[in-house]
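Written out below as structure tokens is the structure these notes cover.
Chain letters run A, B, ... following the sequence lines, proteins first and then strands; every chain starts at 1.
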There are 2 protein chains.
Amino acid sequence: MVQIPKPPAAEPPAPRSVPTSADVARLAGVSRATVSYVLNDSGSVRISEPTRRRVRDAARELGYVPHAAARSLRAGHSRMVLMPAPSFPAGPLYSRFLSDLQWALARLDYTAVQYGSVGLRGYEAARAWAELRPVAVLVPGADLDPQGVEVLKRSGARAVVTLGPEAVEGAHALLTDQEGVGHGAARHLYDRGRRAIGVVVPAEGGLDVFSAPRLAGAHRAVRGTGATVTALPLAYDEREAARLAARWGSLGLDAVFAYNDEYAMLLMRALQDAGLDIPADAAVIGADDLMLGRLLRPRLSTVHLELPAGRELAALVDRAVRDPGAAPERRKVLGATVVHRESS
Amino acid sequence: MVQIPKPPAAEPPAPRSVPTSADVARLAGVSRATVSYVLNDSGSVRISEPTRRRVRDAARELGYVPHAAARSLRAGHSRMVLMPAPSFPAGPLYSRFLSDLQWALARLDYTAVQYGSVGLRGYEAARAWAELRPVAVLVPGADLDPQGVEVLKRSGARAVVTLGPEAVEGAHALLTDQEGVGHGAARHLYDRGRRAIGVVVPAEGGLDVFSAPRLAGAHRAVRGTGATVTALPLAYDEREAARLAARWGSLGLDAVFAYNDEYAMLLMRALQDAGLDIPADAAVIGADDLMLGRLLRPRLSTVHLELPAGRELAALVDRAVRDPGAAPERRKVLGATVVHRESS
DNA sequence: TTGAAAGCGGTACCAT
DNA sequence: ATGGTACCGCTTTCAA
């Protein structure tokens with residue numbers, strides 16, 4: 001550390017503004033260019049050791065921190081990967097996936113940034129993202145249309161990846177096969193001899209992206225078999241669940257795919273409290289394979305979902321960035337496998 | 001829309017680069033200044049309606065999107081509120097809080113950005129955040145030291161707010177009173193006649209920020225009463241829980257504060273499977289007041305935690321930004337109230 | 001009503 | 001080995 005003489009006590013602490021590389025240069029008695037060379041360890045330019053020290057000390061002394069915006073403005077690009085915050089409430093599965101991904105991207109020297117674009121949709125949202133000039137954009141859900149992809153690419157995004165049920169023209173797609181989840185669940189119930197299957201559809205907003213295809217998948221699973229699939233709207237609330245359980249008998253159902261493990265827990269509890277035996281009177285299956293399913297009695301059958309590993313996705317992004325011209329990849333993720341336990 | 005003559009069919013589509021305001025100006029036949037005036041609806045300058053139209057059309061035509069970095073570089077400030085991603089696994093409570101906050105900040109015209117600073121700690125992490133020149137920084141957990149605050153402020157952050165158990169010199173603090181959570185839980189158990197209290201301490205990394213003060217609070221609650229508090233390390237895993245349950249008798253405990261509702265569910269299940277009666281043989285209390293607690297049998301007692309409302313926190317940030325000189329606020333959040341149900 | 005030009009904070013080419 | 005300088009894209013005085 002460089003020692004600086006203490007100013008006279010009377011002198012008011014100057015309201016110092018943010019130090020720039022020019023300030024560092026001045027203090028070190030060198031040019032801005034030299035400062036840049038030293039602090040970036042520029043390989044092609046040789047700077048004497050004493051000068052390096054002077055610059056480094058000056059920078060430390062001033063608490064200099066480079067200005068990322070200025071740097072990337074000059075460079076003409078950044079390594080920011082933008083991830084709009086999802087419009088749906090993030091579950092534990094997604095949270096884990098995110099931090100995984102951030103870690104993996106960091107290893108490839110990308111900076112992952114989650115951006116809360118509240119209130120904006122479609123093209124407007126994409127514009128807001130584009131203003132940040134990210135090198136790549138990873139959009140969860142279905143909040144992106146072809147126009148959005150276009151504007152992102154035109155503003156320099158070298159990779160646009162969607163993570164959701166549908167591919168978007170021009171963008172790479174990680175297809176979360178929600179339809180397959182519903183199909184697997186209903187198919188499992190059918191195979192266990194059930195013929196009248198309820199499918200919980202959460203009343204909560206933002207979840208339809210998932211619930212609609214899951215319901216559709218269930219329908220497909222029983223098509224032509226004579227078995228039936230019935231949509232069961234349900235809010236995530238004890239009373240709502242109790243109400244549904246109360247009219248269970250009148251529904252004539254013998255099984256239910258409860259959307260996910262949390263709704264399954266809710267509904268199963270309500271059914272049990274209503275005096276029903278699980279799985280005799282009603283088979284129940286959830287999805288997500290959360291720990292809580294294993295802790296329930298009877299143990300909850302579920303559909304295990306395998307989100308893509310962070311590494312893999314990061315690698316995809318990296319590939320796309322390096323070769324923006326390549327044809328959009330379109331890959332199914334969410335290996336959905338039924339885990340049969342005791343509730344079905 | 002402005003009609004442009006179609007180029008000869010043979011001409012290859014030029015690999016167009018990102019359009020700038022200069023391109024818009026060129027196409028509209030005006031200066032860059034005029035473009036800026038028009039697109040920003042500058043109040044102080046009057047531009048004729050025909051010119052405005054020409055500029056707007058040109059911008060649309062090119063798919064022009066302003067460059068946020070250039071803009072804030074010129075402006076000398078941004079409205080970005082930076083929130084480093086927490087180093088602990090985000091639970092449902094925190095997720096909800098976050099999206100609440102983002103919404104509230106957006107209403108005040110701030111842009112909330114979550115930044116995954118993987119692998120960096122303390123001063124280094126703060127430096128990385130400072131490079132983005134956010135107008136405010138909101139740091140969850142305990143990943144900030146006074147040096148970090150200093151570097152952030154020196155790089156122009158007008159508000160630094162920590163959300164965690166301890167205040168940091170120079171920063172506003174929202175004190176999540178984890179110690180009070182442990183105190184409330186243990187106190188409750190003591191009041192219910194329990195005298196040998198176990199406190200689950202998660203083995204998972206990153207959770208010690210919470211678990212240590214909770215344990216300390218439990219200790220304080222029984223100080224001088226003759227009752228005991230015993231730390232119970234536990235990984236979030238069925239087998240681990242079963243192992244702990246198996247040696248429950250030898251521990252001589254009659255109650256347990258299970259860190260949170262999820263660990264409580266895990267442990268309660270294991271204890272029940274080991275043939276113990278809840279709460280007769282062991283009183284159990286969790287924390288967070290998640291829905292799942294209400295669905296367990298016996299219903300789980302818990303400590304309800306009230307995170308600050310997004311609005312409030314956003315207002316605090318806004319106040320701090322407007323008056324950076326003000327003395328750091330230091331406010332307790334996390335109103336911890338015991339919810340007594342059946343498990344204790 | 002519009003344009004010319006300076007400058008925000010860096011980086012990198014070209015001289016010296 | 002170092003310094004001068006142009007430039008990245010945008011905003012904003014000041015002049016015309």
Legend entry - Flag, side chain of Arg158(A) to backbone of Pro324(A), donor-acceptor distance under 3.5 Å: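 No, because the side chain of Arg158(A) does not come within donor-acceptor range (under 3.5 Å) of the backbone of Pro324(A).
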Salt bridge (charged side-chain N to carboxylate O under 4.0 Å, His left out) against [X], all qualifying residues, sequence neighbours excluded:
| X | result |
| --- | --- |
| Arg319(B) | Glu329(B) |
| Arg322(A) | Asp318(A) |
| Asp100(A) | none |
| Arg56(B) | Asp41(B) |

Could you pull out all residues at least two apart from [X] that satisfy side chain to side chain contact (heavy atoms under 4.5 Å, CB included)?
| X | answer |
| --- | --- |
| Arg96(B) | none |
| Ser95(A) | Ala90(A), Ser95(B) |
| Pro146(A) | Val168(A), Glu169(A) |
| Ser78(A) | Ser72(A), Met80(A) |

Inset, instruction - Under 4.0 Å from any heavy atom of chain B: name the first and the last nucleotide of DNA chain C that qualifies, 5' to 3'. - result: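 Under 4.0 Å from chain B, the extent on DNA chain C is dT1(C) to dG10(C).
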Legend entry - B/S/- contact track for nucleotides 7-14 of chain D, protein heavy atom under 4.0 Å: BBBBBBB-
Show every donor-acceptor pair shorter than 3.5 Å between a side-chain atom in residues 132-142 of chain B and any protein atom, with sequence neighbours excluded, or say none if there are none.
| residue | atom | partner | partner atom | Å |
| --- | --- | --- | --- | --- |
| Arg133(B) | NH1 | Val65(A) | O | 3.4 |
| Arg133(B) | NH1 | Pro66(A) | O | 3.4 |
| Arg133(B) | NH1 | Ala130(B) | O | 2.9 |
| Arg133(B) | NH2 | Val65(A) | O | 2.6 |

Inset, instruction - State, to the nearest 10°, the angle formed by the axis through the first five base pairs of the helix from dT1(C)-dA16(D) to dT16(C)-dA1(D) and the axis through its last five. - result: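 The value is 50°.
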Inset, instruction - Check every strand shown and say whether Thr51(B) touches a base, only sugar-phosphate, or nothing at a heavy-atom separation below 4.0 Å. - result: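 Sugar-phosphate: the residue Thr51(B), judged by heavy atoms under 4.0 Å, touches backbone atoms but no base.
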